[in-house]
Protein chains: 2
Amino acid sequence: MTELFGRIPEEKRSRIMEAAISEFAGCGYESANINHIAQKARVSVGSLYKYFDNKQDLFLSMVQFGSQVLKSKFDEVMQGDEDILVKVEKLLRTIQRHSREQRSMIRLYNEMTTQCDPLIVKPAATDMETPSAELYSSLILQMQQAGVVRGDIDVRMFAFLLDNIFMMLQFGYACDYYRERFKIFVRDDIFQNDDYVIDQVLKFVKAAFERREPVE
Amino acid sequence: MTELFGRIPEEKRSRIMEAAISEFAGCGYESANINHIAQKARVSVGSLYKYFDNKQDLFLSMVQFGSQVLKSKFDEVMQGDEDILVKVEKLLRTIQRHSREQRSMIRLYNEMTTQCDPLIVKPAATDMETPSAELYSSLILQMQQAGVVRGDIDVRMFAFLLDNIFMMLQFGYACDYYRERFKIFVRDDIFQNDDYVIDQVLKFVKAAFERREPVE
DNA sequence: GCAAGATGAGTGAATGGTCACTCACTATCT
DNA sequence: AGATAGTGAGTGACCATTCACTCATCTTGC
């Protein structure tokens with residue numbers, strides 16, 4: 001992404017981002033067509049190449065943007081000092097809303113996971129995963145010290161397992177294959193029962209994290 | 001896949017499958033090159049098109065094959081009537097071994113999840129996910145009736161959550177992005193500590209499924 | 001105030017490369 | 001001889017990227 005892209009009018013910028021995100025999410029990275037993106041955004045291909053070095057640069061910039069958006073929503077939830085389970089519930093609700101409203105961004109993320117080039121994958125993963133890894137780990141540690149969460153666990157492993165649940169739910173709401181899978185495993189009408197899903201996931205998470213013999 | 005492919009010599013067939021699986025897993029569906037696959041397998045492109053209708057057919061056949069192989073390993077573990085946790089442990093070990101030995105097959109599966117065409121995705125998902133969904137659900141139900149697993153849960157939702165853990169571990173061992181993510185969340189040397197991973201995952205699963213006040 | 005030049009954003013047709021798929025042909029059976 | 005299997009050069013479509021150009025705006029010297 002060149003600095004020029006940061007200087008063009010807001011409206012044009014979001015037109016381009018919307019076009020790119022929807023094309024990449026709809027066709028996948030390889031099949032996405034730069035010329036289509038330019039057309040959809042009502043911008044010349046030449047301009048697009050003034051804003052981004054190449055197709056990959058455009059793709060990665062969009063993925064990064066998408067993860068920023070989700071991260072900021074999560075950060076908002078994580079503020080305040082409620083119990084871990086209250087926060088998990090809020091995160092789950094955020095996931096349900098965000099996955100539906102910004103389906104394309106989640107699909108982009110899934111698309112990213114199939115990329116192989118280590119020069120791309122490593123920095124992108126570090127960028128996108130480190131914040132959540134730290135966030136969950138410190139939350140769990142904090143709750144552990146408060147005696148709410150059991151002490152006999154590897155905090156980072158459990159943070160990983162928790163984030164796995166979040167990821168699979170996001171994909172379940174946003175990506176076609178994972179959607180089908182969700183329906184097959186549970187029920188066809190699972191997407192009309194958001195509260196039920198949250199209820200069950202909470203039961204699962206609660207039991208996994210809770211201290212066995214609660215103090216007093 | 002034409003019936004001719006079933007009639008050619010075993011050795012040639014596996015040469016083709018190996019070449020196709022490694023190409024699709026290494027480059028992704030779109031970038032995979034049919035001509036390369038033919039070369040690698042020491043077969044003419046023409047022949048390849050006598051065995052498979054088109055690129056997509058070849059891809060789907062390979063994905064299906066890969067999932068069959070894993071399924072048969074899982075089925076073996078699921079025989080016998082041990083406790084759910086013993087089985088989960090065995091499944092986790094199978095995942096660790098299989099994800100490393102057959103990395104390409106797991107990658108293929110991840111590649112499948114980014115496909116969008118509903119005409120492809122729906123039957124493929126049904127084919128691949130239904131058996132595990134039924135397997136886990138019936139196991140959990142059985143353990144519930146035996147009083148080992150808590151009764152206050154939606155069996156199918158918990159089967160889903162359990163399979164999520166399995167999937168994310170598979171991807172964590174086999175796919176570049178998920179590998180990085182695993183390292184970021186836990187530790188760089190996590191891939192040298194298979195027993196530790198199993199231990200922690202079991203702690204998580206055990207607590208999630210276990211009856212709260214054990215009988216007797 | 002203004003002409004002459006400089007700057008750089010914006011354009012889209014053209015290029016060069018790639019690749020799925022075909023088909024006319026050959027080889028090998030029965 | 002007819003059927004069946006195998007071949008691989010060739011075709012046509014597609015698409016990322018480039019580049020020669022336009023045009024509006026700014027700068028400078030008078």
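Sequence lines set the chain letters: A, B, ... in the order given, protein chains first and strands last, and positions in each chain run from 1.
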Looking at residues at least two apart in the chain, or sitting in another chain, which of them share a salt bridge (Lys or Arg N to Asp or Glu O under 4.0 Å) with A:Lys122?
none
What pairs with B:Glu89 under side-chain hydrogen bond (donor to acceptor under 3.5 Å, both in side chains), at least two apart in sequence or on another chain?
B:Arg93
If the condition is salt bridge (Lys or Arg N to Asp or Glu O under 4.0 Å), which residues does A:Arg107 pass it with, not counting sequence neighbours?
A:Asp176
For B:Glu18, enumerate each residue passing the side-chain contact (heavy atoms from CB on, under 4.5 Å) test, keeping only those at least two apart in sequence or located in another chain.
none
Using atom names, set out every protein N or O paired with an N or O of nucleotides 12-19 of chain C below 3.5 Å, distance rounded to 0.1 Å.
| from | atom 1 | to | atom 2 | distance (Å) |
| --- | --- | --- | --- | --- |
| C:dG12 | N7 | A:Gly46 | N | 3.4 |
| C:dC19 | OP2 | B:Asn33 | ND2 | 3.1 |
| C:dC19 | O5' | B:Asn33 | ND2 | 3.4 |

Return all side-chain donor-acceptor pairs below 3.5 angstrom for residues 68-77 of chain A, not counting sequence neighbours, or 'none' if the list is empty.
| from | atom 1 | to | atom 2 | distance (Å) |
| --- | --- | --- | --- | --- |
| A:Lys71 | NZ | A:Asp75 | OD2 | 2.6 |
| A:Ser72 | OG | A:Val69 | O | 2.8 |

Please name all residues satisfying ring pair (Phe, Tyr, Trp, His ring centres under 6.0 Å) with A:Phe158, sequence neighbours left out, ordered by chain then number.
A:Phe209, B:Phe204
First and last nucleotide of DNA chain D, 5' to 3', lying under 4.0 Å from heavy atoms of chain A
D:dC15 to D:dT18
Selection residues 40-63 of chain A - residue pairs positive for salt bridge (Lys or Arg N to Asp or Glu O under 4.0 Å), sequence neighbours left out:
A:Glu23-A:Lys40
Kindly state which residues belonging to residues 56-65 of chain B come within less than 4.0 angstrom of DNA chain C, counting heavy atoms of the residue only, listed by number.
none
Where at least one partner belongs to residues 134-143 of chain A, residue pairs that pass side chain to side chain donor-acceptor pair (under 3.5 Å), sequence neighbours excluded:
A:Glu134-A:Arg156
With sugar-phosphate meaning primed atoms plus P, OP1 and OP2, does A:Tyr51 contact a base, only sugar-phosphate, or nothing at under 4.0 Å between heavy atoms?
sugar-phosphate
Interatomic distance where CG belongs to B:Leu48 and P belongs to C:dT22 [whole Å]:
13 Å
Near DNA chain C, which residues from residues 3-29 of chain A have a heavy atom under 4.0 Å away?
A:Leu4, A:Arg7, A:Lys12
